[in-house]
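Below you'll find the structure, written out as structure tokens, and then a few comments.
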Amino acid sequence: VQLVESGGGLVQAGGSLRLSCAASRLTFSNYNMGWFRQTPGKEREFVASISRNGGSTVYGDSVKGRFTISRDNRNMLYLQMNNLKPEDTAVYYCVADAGPMGHSPRDYNYWGQGIQVTVSS
């Protein structure tokens with residue numbers, strides 16, 4: 001399984017970014033997908049997850065109402081991030097797993113390399 005994130009960068013508070021994750025070497029429709037984020041010195045934080053067929057989504061409390069996770073049938077996962085805040089600054093990771101949908105880092109066996117998102121105040 002290979003997961004490659006793109007779309008990160010620097011944005012002002014209140015702005016938007018869309019992260020993408022290209023998945024390969026897997027049968028995409030068999031995997032629940034998600035996003036986590038991490039800042040230095042802190043544990044990885046659950047951001048959002050989406051079920052295999054895209055019919056179910058779960059969000060972390062800190063991003064509800066601002067972020068939207070989605071997936072398509074071309075092995076792509078997305079995270080639309082609106083109304084960004086400085087506290088959203090982190091390295092964002094795309095994750096995948098064929099097991100039950102979860103919100104712990106332990107629930108996901110496959111991780112991308114991560115991509116930096118920086119929100120300036």
Within residues 45-74 or reaching into it, pairs that qualify as disulfide (SG to SG under 2.5 Å) - sequence neighbours excluded
none
With side chain to side chain contact (heavy atoms under 4.5 Å, CB included) as the test, would you mind laying out the steps for Leu79 and Thr68 before giving the verdict?
CA-CA 6 Å; Leu79 185 69; Thr68 302; over 6 Å; no
Measuring from atom OH of Tyr31 to atom CG of Asn75, what distance do you get when rounded to the nearest 0.5 angstrom?
11.0 Å
Carefully, step by step, assess Cys21 and Trp35 under the rule side chain to side chain contact (heavy atoms under 4.5 Å, CB included).
CA-CA 10 Å; Cys21 173; Trp35 293 94; 3.8 Å; yes
Heavy atoms of Ile69 and Tyr59 approach each other most closely as N-OH, 2.9 Å
Lys42: partners by salt bridge (charged side-chain N to carboxylate O under 4.0 Å, His left out), with sequence neighbours left out
none
Residues in salt bridge (charged side-chain N to carboxylate O under 4.0 Å, His left out) with Arg25, at least two apart?
none
Is the Tyr108 ring parallel, tilted or perpendicular to the Phe36 ring (thresholds 30°, 60°)?
perpendicular
Distance (rounded to the nearest 0.5 Å) between Ile50 CD1 and Ser70 OG:
6.0 Å
Nearest 0.5 Å, what's the OG-CE distance between Ser56 and Met101?
4.0 Å
Less than 4.5 Å apart, side chain to side chain, heavy atoms only: is that true for Asn73 and Phe28?
no
Enumerate, atom names and distances included, each donor-acceptor pair closer than 3.5 Å involving a side-chain atom of residues 3-12, sequence neighbours excluded.
unit_1: Glu5; atom_1: OE1; unit_2: Gln113; atom_2: N; d: 3.3
unit_1: Glu5; atom_1: OE1; unit_2: Gln113; atom_2: NE2; d: 3.3
unit_1: Glu5; atom_1: OE1; unit_2: Gly114; atom_2: N; d: 3.1
unit_1: Glu5; atom_1: OE2; unit_2: Cys94; atom_2: N; d: 2.8
unit_1: Glu5; atom_1: OE2; unit_2: Gly114; atom_2: N; d: 3.3

Residue pairs fulfilling salt bridge (Lys or Arg N to Asp or Glu O under 4.0 Å) with at least one residue in residues 47-60, sequence neighbours excluded:
none
Side-chain heavy atoms under 4.5 angstrom apart, residues restricted to Ile, Leu, Val, Met, Phe, Trp, Tyr: same cluster for Val95 and Val117?
no
Determine, stepwise, if the pair Asn82 / Phe67 fulfils side chain to side chain contact (heavy atoms under 4.5 Å, CB included).
CA-CA 6 Å; Asn82 296 330; Phe67 290 11; over 6 Å; no
Got Ser16 and Met81 here, is their nearest side-chain heavy-atom distance under 4.5 Å?
no
Within residues 29-61 or reaching into it, pairs that qualify as disulfide (SG to SG under 2.5 Å) - sequence neighbours excluded
none
Ser104 meets the side chain to side chain contact (heavy atoms under 4.5 Å, CB included) criterion, sequence neighbours left out, with Arg106, Asp107
Go through the steps to decide whether Val58 and Phe46 satisfy the test side chain to side chain contact (heavy atoms under 4.5 Å, CB included), and finish with yes or no.
CA-CA 10 Å; Val58 180; Phe46 172 73; 4.0 Å; yes
For Asp97, salt bridge (charged side-chain N to carboxylate O under 4.0 Å, His left out) partners two or more places apart
none
Kindly compute the distance separating CZ (Arg71) from OG1 (Thr57), expressed to the nearest 0.5 Å.
12.0 Å
Non-hydrogen side-chain atoms of Leu26 and Tyr110 separated by less than 4.5 Å
no
Taking only residues two or more places apart in sequence, or in another chain, which ones meet Asp72 in a side chain to side chain contact (heavy atoms under 4.5 Å, CB included)?
Arg74, Met76, Tyr78
Side chains of residues 84-92: which donor-acceptor partners sit under 3.5 Å, not counting sequence neighbours?
unit_1: Asp88; atom_1: OD1; unit_2: Arg37; atom_2: NH1; d: 2.9
unit_1: Asp88; atom_1: OD1; unit_2: Arg66; atom_2: NH2; d: 3.0
unit_1: Asp88; atom_1: OD2; unit_2: Arg66; atom_2: NH1; d: 2.7
unit_1: Asp88; atom_1: OD2; unit_2: Arg66; atom_2: NH2; d: 3.4
unit_1: Asp88; atom_1: OD2; unit_2: Lys85; atom_2: N; d: 2.8
unit_1: Thr89; atom_1: OG1; unit_2: Pro86; atom_2: O; d: 2.9
unit_1: Thr89; atom_1: OG1; unit_2: Val119; atom_2: N; d: 2.9
unit_1: Thr89; atom_1: OG1; unit_2: Val119; atom_2: O; d: 3.4
unit_1: Tyr92; atom_1: OH; unit_2: Arg37; atom_2: NH1; d: 2.9
unit_1: Tyr92; atom_1: OH; unit_2: Asp88; atom_2: O; d: 2.6

Selection residues 26-60 - residue pairs positive for disulfide (SG to SG under 2.5 Å), sequence neighbours left out:
none
Which residues share a salt bridge (charged side-chain N to carboxylate O under 4.0 Å, His left out) with Arg18, sequence neighbours left out:
none
Can you tell me how far the CZ atom of Arg44 sits from the CD atom of Gln38, to the nearest 0.5 Å?
5.0 Å
